[in-house]
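One structure is given below, encoded as structure tokens.
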Amino acid sequence: MTASPVLSIRNLSLEFPLWGGALHALEDVTIEIAAGEIVGVVGESGCGKSVTAMAAMRLLPERAYRVTQGAIVMLGQDMLTAGEADLRALRGSGVAMIFQEPLTALNPTRRIGDLMVEVIRAHQPIGRSEAREKAIGLLDSMRIADAQAVMRRYPFELSGGMRQRIVIALAFANDPRLVIADEPTTALDVTVQRQVLTLLQARARDVGAAVLLITHDLGVVSEYADSVYVMYAGKVVESGPTDAVLTTPRHPYTRALLQAGPEAVAPKSPLAAIPGGLPDLREIIPGCRYAGRCGLATDICRGAAPPQSQAAAPGHTLSCWHAEGMSR
Amino acid sequence: MSAAIGLEDVFVRFPVARDWRGRVTVQAHALNGVSIAVARGRTLGILGESGCGKSTLAQVLTGLLPPSSGRVTGDRDGRISIVLQDPNSSLDPRMPVWRIVTEPVFLHAPTRREALRAMAADLLECVGLRPDHVDRYPHEFSGGQRQRIAIARALSSKPDIIILDEPTSALDVSVQAQILNLLLALQAELGLAFVLISHNVAVIRHFCDEVAVMYLGQIVEQGSVDTVFADPAHPYTRTLLDAVPRIGTGRAHHALDETELPSNRTLPTGCFFQNRCPMAAAGCERPQILSGGAGGHLVRCHRA
């Protein structure tokens with residue numbers, strides 16, 4: 001697509017030091033987001049999708065983690081070496097973040113209007129009344145009826161869907177070029193989820209912002225993301241254009257994930273559960289991290305990590321020793 | 001088929017605010033005339049979004065909450081148990097697994113420790129856990145394993161009916177599949193009746209024989225899973241099914257609709273769904289009744 005990506009995570013390995021060892025949370029993760037693109041990161045709990053987002057924003061507690069290799073470049077800024085002032089300038093204006101639970105993201109003691117004015121004025125040299133005008137415009141763009149009245153409300157007075165739309169309005173307050181949304185609709189009902197994601201999608205397209213959409217829901221990825229990264233136990237196992245990855249999945253884990261849903265089999269017949277659980281990330285795993293649960297695993301899978309990013313089709317890559325055998 | 005448990009025209013209202021003399025001034029109308037029946041060995045799904053009253057329904061079924069009016073029918077003496085949504089908060093972190101699992105039995109009839117431990121070992125085996133883990137504590141298990149412990153506890157009182165209140169919504173899909181498989185196997189083996197309360201359309205469609213779709217404390221559509229999902233008649237059911245994101249249908253281009261749920265403090269007059277309904281027309285200002293079509297397919301809409 002465009003020349004310089006808004007976010008480029010290259011071969012990132014990250015660990016959390018523990019007593020007498022470390023938890024290897026991310027291993028050789030490469031994610032790239034071009035301007036205006038909606039990129040999904042999908043995986044089950046513990047796969048490292050949130051850690052990736054938090055690391056990209058430098059939001060992890062500084063002394064609690066160690067980057068052992070790789071680089072993160074966001075809007076031309078090297079995030080691993082950036083100082084506190086650079087980070088503050090970037091967060092909230094160049095890049096904004098939307099979290100899962102809107103009630104904890106909004107200060108319960110502040111009225112919506114005051115909160116929005118503060119966020120806008122933190123990054124723009126404008127007066128209070130001008131910021132109010134802008135805030136009302138943002139609420140209107142999120143289809144919030146009677147924005148004037150909502151400005152005077154406290155977060156607890158609003159419904160979950162309304163709160164999440166306000167969080168999105170805030171995220172777009174300072175014309176970001178990248179919005180990181182970590183499970184933005186997991187706490188919401190499906191009809192509200194559709195509204196919130198449709199608004200997020202429309203807003204991002206309007207202002208040309210890229211979105212990193214982190215979710216565990218393959219359906220959400222399918223409907224809203226242009227491309228997708230599938231993560232398992234801290235590694236990207238497959239990535240590519242959404243339609244290619246979800247309709248012709250090549251990695252055994254992606255396939256298993258798609259097959260495990262109740263839609264995949266006839267009613268009441270046994271579901272294709274993935275046996276076992278996540279490997280213990282405190283241990284050094286010499287082979288493929290999915291080998292313990294994989295039906296195709298052989299000695300090579302258990303002995304050595306599969307090469308990262310083998311091409312399956314243009315832009316569609318996977319990390320599996322049996323990539324050749326998986327081609328149909 | 002005899003009904004294992006049922007509700008007849010149940011209303012539940014909660015006081016929200018009182019005046020200076022203690023009289024109730026504002027009420028939340030959680031259930032507004034719900035009638036259901038579950039036969040032995042069958043599964044009824046309750047489908048609805050947050051605030052529709054599905055968890056209140058679970059509390060009424062288990063006897064934790066008396067209905068404001070209406071009747072609970074069927075056998076309720078220790079023959080009903082419940083599996084809750086979040087096994088992290090439904091299991092006491094300070095109790096060993098054998099105590100958690102056998103607590104319902106112990107409360108009914110104090111039994112000797114050794115007998116309870118043996119019973120717990122059997123139950124753990126029954127739900128696919130290792131019987132020698134009876135002395136472990138909940139934090140030593142994964143989320144899926146904890147939900148298995150909750151199921152073992154529900155089985156311990158030898159119930160006829162188990163209420164499953166969002167049993168898999170805190171779990172990943174691969175683990176959800178394990179739990180649903182376990183529940184279906186247990187049902188086939190023990191002839192249990194299930195009431196599955198969920199917001200997840202795919203889970204209800206897979207798991208249930210019949211489904212009741214709830215909106216604002218009322219059942220708006222009810223029938224066999226095959227008919228309701230193949231041919232949804234109520235506009236709300238259609239909205240709900242349509243909103244589920246699908247895999248492989250390409251990028252979404254959805255029109256925006258009005259999605260605010262009306263408050264249950266003052267119930268709408270007429271049809272509860274009319275302010276969000278794409279089919280609203282003359283006649284919707286009158287209260288709608290749940291009326292029958294072919295094969296027990298009930299719909300609360302005069303335009304269906």
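It should be emphasised that the depicted structure is a prediction, and the values quoted were computed from it without experimental measurement. So you know, we letter chains A, B, ... as the sequences are listed, proteins then strands, and number each from 1.
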Given that the side chain runs from C-beta out, which part of [X] has a heavy atom under 4.5 Å from chain A: side chain, backbone, both or neither?
X        : result
B/Ser50  : both
B/Leu184 : side chain
B/Gln145 : neither
B/Asp242 : both

### Query
When rounded to the nearest 0.5 angstrom, what distance separates CG in A/Leu257 from CD1 in B/Ile247?
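Reported to 0.5 Å precision, the distance equals 8.5 Å.
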
### Task
Report the distance from atom CG of A/Leu246 to atom CZ of B/Arg246, rounding to the nearest 0.5 Å.
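CZ of B/Arg246 is found 15.0 Å from CG of A/Leu246.
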
### Query
Sub-3.5 Å donor-acceptor pair from the side chain of B/His206 to the main-chain atoms of A/Pro270, do we have one?
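Between the backbone of A/Pro270 and the side chain of B/His206 there is no qualifying donor-acceptor contact (under 3.5 Å).
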
### Message
Determine whether a donor-acceptor pair (N or O, by modelled atom type, separation under 3.5 Å) exists between the side chain of B/Gln178 and the backbone of A/Ile274.
### Response
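Yes, because the side chain of B/Gln178 sits within donor-acceptor range (under 3.5 Å) of the backbone of A/Ile274.
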
### Which residues share a ring-ring contact (aromatic ring centres under 6.0 Å, His included) with B/Phe194, sequence neighbours left out
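ring-ring contact (aromatic ring centres under 6.0 Å, His included) list for B/Phe194, sorted by chain: B/Phe207.
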
### Message
Once ring-ring contact (aromatic ring centres under 6.0 Å, His included) is applied, do any residues pair with A/Tyr224, and if so which ones, sequence neighbours excluded?
### Response
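Applying ring-ring contact (aromatic ring centres under 6.0 Å, His included) to A/Tyr224 gives none.
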
#### Entry: When B/Ala177, B/Gly51, B/Pro245, B/Ala188 are compared by non-hydrogen pairs under 4.5 Å with chain A, the top option
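Top option by heavy-atom pairs under 4.5 Å: B/Pro245.
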
So, for [X] and [Y], which heavy atoms are closest and what is the spacing to 0.1 Å?
X        : Y        : result
A/Glu44  : B/Val173 : OE2-N, 3.5 Å
A/Pro262 : B/Ala202 : CB-O, 3.5 Å
A/Asp189 : B/Glu49  : CB-OE2, 2.9 Å

### Leading residue by heavy atom contact count with chain B [cutoff under 4.5 Å; candidates A/Ile38, A/Thr247, A/Val220, A/Leu258]
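Most pairs with chain B among the choices: A/Val220.
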
### Query
Which one, A/Ala256, A/Ala225, A/Ala272, leads in non-hydrogen pairs under 4.5 Å with chain B?
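Heavy-atom pairs under 4.5 Å are most numerous for A/Ala225.
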
Heavy-atom proximity to chain B below 4.5 Å, by part of [X]:
X        : result
A/Ser45  : both
A/Gln201 : side chain
A/Ala266 : backbone
A/Leu188 : neither

### 4.5 Å side-chain heavy-atom contact, B/Gln176 and A/Leu271
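B/Gln176 vs A/Leu271: side chains apart.
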
#### Entry: Flag side-chain contact, heavy atom, 4.5 Å: A/Lys268 against B/Asp209
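The answer is yes, as the side chains (C-beta and beyond) meet within the 4.5 Å cut-off.
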
